[in-house]
Amino acid sequence: MSRNFFAIFTEARESASMAVTAIAAHKLRSALTLLGVLVGVFSIIVVMTAMRVLQSNIERQLSSLGSETFMVRKWPGTMFGISSGDYEKYWRRKNISMNDGKRLMEKISLPANIGIESTFWSGEIKTRYKTSAPLVRLYGETPGSFSAHNWNLAEGRLLMDADVDGTRNVCVLGSGLATNIFPNSSALDELIKVDGISYTVVGVLESKGGMAGGDQDNFVVVPLTTCLNRYGHWWRSLNILVQAQDRASYDATVEEVRGIMRIIRKVPPGKDDDFEIASNNSMIDQFKTFTQSVRIGVAIVSSIALLAAGIGIMNIMLVSVTERTREIGIRRAIGAKKRNIMVQFILEAIVLCEVGGAVGVIFGIIGGNLLALLMHLPPVIPVDSVVLGLVVCSFVGIIFGTYPAWKAANLDPIESLRYE
């Protein structure tokens, strides 16, 4: 058993070596042949890599929601796969206002926490010590948002209802920002300048660490009413964060919120909601629906490219068989069997495909990660797609290399030796 395995391994290794030598002897022809495989694999890998980058960005967004938390918003949680007709429908909806959020708080009974929020600004934060990088986000929040976001206090205090009611110029800093702009002292009671307005730091949050290429502790939280006064509220739709008490009451909480919001917004019976309830699961499902359509399209395009590449490989291999007829005759004359000839030519086709596939994988990963660079996210490598792409390359080599290999193996040894 072991001797047979060793013999097969040795034969395969020698055949692969001869295949590589044959490919290297015709560099230009080989390069043109593998170009089709390169394009097919590149189109698969670049899209799959870009999808993984987008997925990591969605996971970063989802990580900002606490456990058993969902969001009531005007727009869907993600905009993937939204048609122009759907976009117009969402755009025509009434904005979710501060009054909507307050009325929901008054009527609701099941949730553990409710917060109202919006993102207002992104830019530099200035202090008497230094200026931050121009990527700091400004959130307007109410006290209930902290628990819903899993924001825990490290020092000082969180925002209070009095801060919101009094539209105070106070703020709470994310841990990363506090360390950055106050490197040698505590941030408490210090003044920071956000978009030209001064705020007093009353608290600092615990660190949640960097994720998906950005520091998720790099933000400022200000009372929502203060932000609305500064940046306006007539055209702005707010988000309502709702945290259920536990997993068992989550579905009931969603339905209670939906029912009350329909009453608040005067949605007639039988009509669709004029708001969205976005949870981790709903956003993931929407993203999967979008990516499934994209993957089908990519699979079709890639299949056409690989089919064309396979036909090219078959043609080149047939030419190679004709050119190497005398070589085949010599090998048969010194004892090579038909099986040896077939293995050599099939391996040559596989090596051609794998080289093209490997180059396509490299360029695909680089191309897909350009999106990560633009979105300030970490690079990703879709290992499963890479493995699948290389396996498909092997199948292309086997399928389209079999006929030339069969033709080479069945050449008449005597006639082959006479071939000039």
Side-chain angles (χ1 to χ4, degrees), residues 56-72 77 101 105 108 110-122 125 127 132 135-165 168-190 192 194 199-227 238-250 253 278-280 283:
S56 69
N57 186 45
I58 287 179
E59 289 173 351
R60 177 186 64 81
Q61 295 175 5
L62 297 183
S63 71
S64 67
L65 294 180
S67 60
E68 319 306 344
T69 299
F70 58 92
M71 186 182 296
V72 182
M105 289 181 185
I108 204 76
L110 290 178
N113 289 288
I114 295 182
I116 311 172
E117 68 166 12
S118 186
T119 302
F120 286 85
W121 179 82
S122 179
I125 303 296
T127 72
S132 73
L135 297 172
V136 179
R137 300 178 301 280
L138 174 66
Y139 297 141
E141 307 280 356
T142 60
S145 301
F146 289 89
S147 178
H149 274 299
N150 275 342
W151 289 338
N152 299 315
L153 185 65
E155 58 177 327
R157 67 172 178 86
L158 300 176
L159 297 183
M160 302 183 300
D161 290 330
D163 298 323
V164 176
D165 295 338
R168 294 174 178 170
N169 288 355
V170 295
C171 66
V172 177
L173 304 183
S175 173
L177 177 62
T179 302
N180 178 29
I181 59 179
F182 298 105
N184 301 314
S185 62
S186 171
L188 293 183
D189 299 323
E190 292 282 358
I192 66 170
V194 181
Y199 297 86
T200 302
V201 179
V202 296
V204 177
L205 300 175
E206 289 182 355
S207 174
K208 295 180 75 172
M211 183 176 180
D215 186 348
Q216 57 179 344
D217 298 317
N218 191 42
F219 59 86
V220 181
V221 180
V222 170
L224 179 59
T225 50
T226 304
C227 284
L238 306 179
N239 301 326
I240 303 173
L241 291 171
V242 183
Q243 185 180 33
Q245 295 184 28
D246 49 41
R247 182 67 248 180
S249 63
Y250 180 85
T253 304
S279 64
N280 294 1
M283 286 189 275

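The basis for the numbers below is simple: all heavy atoms, side chains too, and nothing from hydrogens, waters or symmetry mates. Because the structure is predicted, anything quoted here is derived from the model rather than measured.
A distance of 9.5 Å separates CG in Leu177 from CG in Asp217, rounded to the nearest 0.5 Å. Here the CD1-CG distance, from Ile125 to Leu173, works out to 8.0 Å after rounding to the nearest 0.5 Å. Between the CG atom of Leu158 and the CG atom of Leu205 there is a distance of 6.5 Å, given to the nearest 0.5 Å. Rounded to the nearest 0.5 angstrom, Asn239 CG and Phe70 CZ are separated by 13.0 Å.
Scanning all heavy atoms of the two residues, the minimum distance from Cys171 to Tyr199 falls at SG-CB, 4.0 Å. Closest non-hydrogen pair, Ala178 versus Val204, comes out as CB-CG1, 3.8 Å. The minimum heavy-atom distance linking Ile240 with Gly101 is given by the pair CD1-CA, 3.7 Å. Heavy atoms only, all atoms of each residue included: Glu141 and Val164 are closest at O-CG2, 4.1 Å. The two residues Ala244 and Tyr250 make their nearest non-hydrogen contact at CB-CA, 3.8 Å.
Thr179 contributes no side-chain N or O that, together with a main-chain N or O of Gly176, makes up a donor-acceptor pair within less than 3.5 Å. Side-chain atoms of Glu68 never come within 3.5 Å of backbone atoms of Gln245 as a donor-acceptor pair (strictly under, hydrogens ignored).
Residue pairs meeting the side-chain hydrogen bond (donor to acceptor under 3.5 Å, both in side chains) criterion with at least one member in residues 168-177, sequence neighbours excluded, are Asp163-Arg168, Asn169-Arg230.
Contact check for Trp151 versus Val172: no side-chain heavy atoms found under the 4.5 Å cut-off. At least one side-chain heavy atom of Leu188 sits under 4.5 Å from a side-chain heavy atom of Glu155.
Side-chain atoms of Ser132 and Asn180 include no donor-acceptor pair closer than 3.5 Å. Side chains of Ser147 and Gln243: a donor-acceptor N/O pair is present below 3.5 angstrom, by distance only.
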Check step by step if side chain to side chain contact (heavy atoms under 4.5 Å, CB included) holds for Thr225 and Asp165. CA-CA 7 Å; Thr225 50; Asp165 295 338; over 6 Å; no
Yes or no on side chain to side chain contact (heavy atoms under 4.5 Å, CB included) for Phe146 and Val221, after CA distance, side-chain angles and deciding distance? CA-CA 10 Å; Phe146 289 89; Val221 180; 3.7 Å; yes
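For the side chain to side chain contact (heavy atoms under 4.5 Å, CB included) criterion with Trp121, the lone passing option out of Leu138, Val222, Val220 is Leu138.
By the side-chain contact (heavy atoms from CB on, under 4.5 Å) test, Leu238 is found to be paired with Met98, Ile116, Ser118, Leu224, Leu228, Arg236, residues two or more places apart in sequence or in another chain being considered.
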